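All residue numbers refer to positions in the sequence shown, counting from 1. All values reported here derive from a predicted model rather than from experimental measurement. Just so it is clear, the values below take in all heavy atoms, side chains as well, and ignore hydrogens, waters and symmetry mates.
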Amino acid sequence: QVQLVESGGGLVQAGGSLRVSCVASGRTFSSYAMGWFRQAPGKEREFVAAINWSSTTTYYADSVKGRFTISRDNTKNTVYLQMNSLKPEDTAVYYCAARLGIARTREGDFDAWGQGTQVTVSS
């Protein structure tokens, strides 16, 4: 099973940008669709973005569409989430997730999860 480690979280002012990364272990990274989810304090974890193995298909939550971009580099076993025009409501722990097969948007469709990285957006 793939193991995932996120990095790149931090504190940023509203309107700023941040890129979080997720490195996967194993030699079959390109077999996995990848996703980003987030969980704000007191709220359930929610879908943010997903990408298929070849980067030809991406999905975004309506709340981040036009501001966030998911991408991947299969040569580096890494998936990224570029976050622009950040808002205080984007504050959450961001989780990377992986699943074999096509990209999905439901939490239950993903098989492996990282430990999360905190993103805090100040107003």
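The heavy-atom pair separating Ser122 from Leu11 by the smallest distance is CB-CD1, 4.3 Å. What you find for Tyr95 and Gln115 is that their closest heavy atoms are CE2-O, 3.5 Å. The heavy-atom pair separating Leu4 from Ala24 by the smallest distance is CD2-CB, 3.6 Å. Nearest heavy atoms, Val79 versus Cys96: CG1-SG, 3.8 Å. Residues Thr78 and Ser21 approach most closely at CG2-CB, 4.2 Å, considering heavy atoms. Closest non-hydrogen pair, Ser123 versus Pro88, comes out as CB-CG, 3.8 Å.
Considering OH of Tyr59 and CD1 of Ile70, their distance stands at 12.0 Å, rounded to 0.5 Å. Expressed to the nearest 0.5 Å, how far OH of Tyr60 lies from CH2 of Trp36 amounts to 12.5 Å. Rounding to the nearest 0.5 angstrom, the gap separating the CZ atom in Arg72 from the CG atom in Asn52 is 7.5 Å. Atom CG in Asp73 sits 5.0 Å away from atom OH in Tyr80 (nearest 0.5 Å). Atoms OG1 and CD, on Thr28 and Gln1 in that order, are 10.0 Å from each other to the nearest 0.5 Å. Rounded to the nearest 0.5 Å, atoms CG (Asn74) and CE (Met34) are 9.5 Å apart.
A salt bridge does not link Lys87 to Asp90: none of the charged side-chain nitrogens sits closer than 4.0 Å to a carboxylate oxygen.
Cluster membership check: Val93 does not share its hydrophobic cluster with Leu18, using side-chain heavy-atom separations under 4.5 Å among Ile, Leu, Val, Met, Phe, Trp and Tyr. If you chain together hydrophobic residues whose side chains sit under 4.5 Å apart, Leu100 and Phe29 fall into the same group.
The side chain to side chain donor-acceptor pair (under 3.5 Å) search around Arg19 returns none, not counting sequence neighbours. For Gln3, there are no side chain to side chain donor-acceptor pair (under 3.5 Å) partners two or more places apart in sequence or in a different chain.
More than 12 heavy atoms of other residues, nucleotides or ligands shown are found within 6.0 angstrom of NZ on Lys65.
Below 30°, between 30° and 60°, or above 60°: for Tyr94 and Phe68 the angle between ring planes is between 30° and 60°, a tilted geometry.
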Practice problem: Determine, step by step, whether Val64 and Arg38 satisfy the side-chain contact (heavy atoms from CB on, under 4.5 Å) criterion, reporting the C-alpha distance in whole Å, the side-chain angles of both residues, the deciding distance to 0.1 Å, and the verdict. | Solution: CA-CA 11 Å; Val64 307; Arg38 68 186 181 185; 3.9 Å; yes
For Val20 and Glu6, what are the C-alpha separation, side-chain angles and deciding distance, and is it a side-chain contact (heavy atoms from CB on, under 4.5 Å)?
CA-CA 7 Å; Val20 291; Glu6 301 96 335; over 6 Å; no
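The distance between the ring centers of Phe37 and Phe110 falls below 6.0 angstrom.
Side chains of Gln118 and Thr91 form a contact here, defined as non-hydrogen atoms less than 4.5 Å apart.
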